[in-house]
Q: 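Got a structure for you, questions after.
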Amino acid sequence: AAMAAVATVSSAGGILAMLHEPAEELKLHALASLNSVVHLFYPEISTSIPTIESLYEDEEFDQRQLAALVVSKVFYYLGELNDALLYALGAGPLFDVSEDSDYAHALLAKALDEYASFKTRASKATEEEENVDPRLEAIVERMLEKCVLDGKYQQAMGMAVECRRLDKLEEAIVRCDNIHGALSYCINLSHQYVSHREYRCEVLRCLVKIYQTLPHPDFLSICQCLMFLGEPETVANILDTLISGSKDDALLAYQIAFDLVENENQAFLLNVRNRLDSQTLDPNEAAHADKLAKLKGILSGEKSIQLTLQFLYSHNRSDLLILKTIKQAVEMRNSVCHSATICSNAIMHAGTTVDTFLRENLEWLSRATNWAKFSATAGLGVIHRGHLQQGRALMAPYLPQSGAVGGGSPYSEGGALYALGLIHANHGEGIKQFLRESLRNTSAEVIQHGACLGLGLASLGTADEEVFEDIKNVLYTDSAVAGEAAGIGMGLLMVGTASEKAAEMLAYAHDTQHEKIIRGLALGIALTVYGREEEADTLIEQMTRDQDPILRYGGMYALALAYRGTANNKAIHQLLHFAVSDVSDDVRRTAVMGLGFVLYNEPEQTPRIVSLLSESYNPHVRYGAALAVGISCAGTGLSDAISLLEPLTSDVVDFVRQGALIAMAMVMIQTNESFDSRVGTFRRQLEKIILDKHEDTMSKMGAILASGILDAGGRNVTIKLLSRNKHDKLTAVIGLAVFTQFWYWYPLLYFISLAFSPTAIIGLNSNLEVPKFEFLSHAKPSLFEYPKPTTQQTTTSAVKLPTAILSTYAKAKSRAKKDAESKAANQEKTAEAESKANQEKSTAESKPSQEKSTDAES
């Protein structure tokens, strides 16, 4: 009858009148009718809310819950979600969690939020625990139960994680038909959505517990979780068990080891290795000893370094002609561009051990003096990165000779020590002692500078007390040059340990008068809280409130590194706040740049978030926006990123152009023209800037470095901040963070080499040798092609050209060059042809025309 009435009713007045009747049945009929017409007449019904509420509060009335439901719906339509939820709880079982209506969805979401935020508060509170409303808990539990019954396991897991109900999470996973899938889904959840580090650890512990109860545990995932939790003992035990098992188990152990190495956590790997040592060996098990030795070789990182060294050396495709062009275009007197060229060469040949360019241009190289000499020597460390066996022998001619009186130049000695650090970055066990002795045996600040950087790199994240004391002694000499490196060195040593040593560093930063030292310490302190998320908040607060802009600048790095790759909203808000409000340009620039570090796990977001900042009137903010995109979208070739950077590469301010060129190269690294035609345009733009006599030094430097980054590592590496298992690559993130400080100190440019990871598929057999194997790829081969070698330019003969060059000649030259380029693009030249072209410089004049004919034939 009620439904029939509804069809004809044009107002709820009549039904509302019934509420005042004494008879229970009428009130009940009225409530049932109201429940079905709330969505039509809620404005009218809202005037009678007090009456319905009094029914709900009347203990005698047996349909109180229905009254509550009606009130709840009215409040929902009025947009009062808090009140609506309160009454929905009063409606008990009448509030149906499986109802598919906007009302039910909205209130369930609200209930979840309330419950989740309550549980989050409860986890922080200690003593006075207020209890959660049991009715709310009941609703959440009904919801979770329903999801599991409907087979929506992922939803159930997501809700359980959000509500901090690990018991329910476990239940959902165990009842799921594909447990392994569910577990890996949860691992992703915990990394992407759990913004509280401690709670993330709890979730992972819970997952490890479930993993270990399975008949066939997925040890790869377990060990990844354990690494995040920092439990080397358990990992060592798992590896030991596997290695004692069957052949397949041993192979699995090797794979786990390789995966752990990829996350670059040196301190953790050392612990695992030392624990393996302490395992007792069965004397008659030669095979076991052999497997153990192999496993330790992998864990030390030596195996993978060796393999990638071979790959980078044998597949090196760098184009020396590009360097030659740069070298000839750069004015001799311009030391900035001279240094940039040397650096560009180092980046281009990072890890390939190919130093041909340097050998061929010794006389040109020797023009570097003072710090440029320091830089040039350090560049060798990038070229030979990972050459653990011969590293020291290679650098021997430059290293400080013990006992030699008044040895070589302190600049090249300091540079050589820094180079050793770059060679052994993150694998410094073998070289640490030597670097410490070199640091102790010198009082020259330049050598101390190199040794502090080298030591920091070699003992990255190991928190070695003795090394810390050594570097601290240098800091306390209060020499500006050595102190800056000491600050950074301490940070590298203590990276991610959130050590209380940071307080000492901060105190010294307040005492010293030297800006350089304060800046080194500011970055160093930021490195200590790497990845510590909310644990770092007090330190960040302290630094960002400081009077000294240099320490606020460090605070931006601390924010960026503590929340690296978490896309944490709070961190993004804070950085944006400083980006638009701080009085110091340095702080604003760094705040915007910091966004790149916070967002590198969601690169698509960055261009959108910084797009307005990239149009700021303040050039420092524009520069920051460029680098933020460069850092978070590095190696992605993301179209939005390129579109955002394009206008900045022709900005009116020289250093903004520099930042945009470097960032563009980072985004385009290992992307070729067939993937995005703008890569070709960009390469031509770089060449134009380098050859342009009137271009500012700053932009020229940017273009020279960008040329190196584009072709980094012999065109076989990319910049990767996340490993395949979606963990951060510690060394890579830190490498980029210190690299961005080149704004103040050019030698730090080399830190970018820490972020390079080789793009090779390397397969091994059980003896850890590389067999011949083939794999199928369904992508177009052109997407993976190396760029075509550049062709020799017209008349770049060794004879010095007269200084006066007529404009007509220059035009003709550039036209001929463009012709040659467009033709050469269609025709792949081999390296032999290229070297021939080098020899036949005299015939270079007629080259474009020859090429036309060959092109026509092809």
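Hydrogens, waters and symmetry mates are skipped; everything else that's a heavy atom, side chains included, is used.
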Q: Do the non-hydrogen side-chain atoms of Leu575 and Met556 ever get within less than 4.5 Å of each other?
A: yes

Q: For residues Leu460 and Leu754, determine if any side-chain heavy atom of one lies less than 4.5 Å from a side-chain heavy atom of the other.
A: no

Q: Rounded to the nearest 0.5 Å, what separates atom CZ in Phe258 from atom NZ in Lys303?
A: 7.0 Å

Q: Can you find a pair of side-chain heavy atoms, one from Leu613 and one from Leu595, that are under 4.5 Å apart?
A: yes

Q: In terms of side-chain heavy atoms, does Gln658 have a donor or acceptor partner in Asp654 at a distance below 3.5 Å?
A: no

Q: Where does the angle between the aromatic ring planes of Tyr553 and Tyr744 fall among parallel (under 30°), tilted (30 to 60°) and perpendicular (over 60°)?
A: perpendicular

Q: Do Gln306 and Leu768 have side chains that get closer than 4.5 Å, going by heavy atoms?
A: no

Q: Can you confirm whether Met348 sits close enough to Phe357 that some side-chain heavy atom of one is under 4.5 Å from a side-chain heavy atom of the other?
A: no

Q: Which pairs, with at least one residue in residues 625-637 and sequence neighbours excluded, count as a side chain to side chain donor-acceptor pair (under 3.5 Å)?
A: Thr606-Ser632

Q: Less than 4.5 Å apart, any side-chain heavy atom of Ile305 and any of Glu302?
A: no

Q: Between Phe742 and Phe739, is the ring centroid distance below 6.0 Å?
A: yes

Q: Please round to the nearest 0.5 Å and tell me the distance separating atom CG of Leu492 and atom CG of Leu453.
A: 7.5 Å

Q: Roughly how far, to the nearest 0.5 Å, is CD1 of Ile631 from CE of Met593?
A: 5.5 Å

Q: With side chain to side chain contact (heavy atoms under 4.5 Å, CB included) as the criterion, how do Arg715 and His315 come out once you've worked through the C-alpha distance, each side chain's angles and the decisive distance to 0.1 Å?
A: CA-CA 9 Å; Arg715 294 181 168 164; His315 288 72; over 6 Å; no

Q: So, using side-chain contact (heavy atoms from CB on, under 4.5 Å) as the criterion, who are the partners of Ala267 when residues are at least two apart?
A: Asn265

Q: Can Leu183 and Ser221 be said to form a side chain to side chain contact (heavy atoms under 4.5 Å, CB included), step by step?
A: CA-CA 9 Å; Leu183 283 166; Ser221 303; over 6 Å; no

Q: What pairs with Asp651 under side chain to side chain donor-acceptor pair (under 3.5 Å), at least two apart in sequence or on another chain?
A: Arg622

Q: What residue pairs, at least two apart or across chains, pass side chain to side chain donor-acceptor pair (under 3.5 Å) with a residue in residues 748-762?
A: Gln670-Thr759

Q: Quick check for you: to the nearest 0.5 Å, what is the distance between Phe751 atom CZ and Thr740 atom OG1?
A: 11.0 Å

Q: With Ser611, which residues qualify under side chain to side chain donor-acceptor pair (under 3.5 Å), at least two apart?
A: none

Q: Measure from NZ or CZ of Arg519 to the centre of the six-membered ring of Trp745, then state whether that distance is under 6.0 Å and the direction lies within 45° of the axis.
A: no

Q: Taking atom types as modelled, is there a side-chain donor on Thr649 or Gln685 under 3.5 Å from an acceptor on the other?
A: yes

Q: Of all residues at least two apart in sequence or in a different chain, which pass the side-chain contact (heavy atoms from CB on, under 4.5 Å) check with Glu695?
A: Arg657, Ile689, Asp692, Ser699, Lys700

Q: Can you confirm whether Thr352 sits close enough to Asn716 that some side-chain heavy atom of one is under 4.5 Å from a side-chain heavy atom of the other?
A: no

Q: To the nearest 0.5 Å, tell me how far His384 NE2 sits from Ile423 CD1.
A: 7.0 Å

Q: Less than 3.5 Å apart, any donor N or O on the side chain of Asn316 or Ser318 sitting next to an acceptor on the other?
A: yes

Q: To the nearest 0.5 angstrom, please state how far the CD1 atom of Ile709 sits from the CE atom of Met668.
A: 13.0 Å

Q: Taking the side chain as every heavy atom from C-beta outward, state whether Leu380 and Leu394 have any pair of such atoms under 4.5 Å apart.
A: no

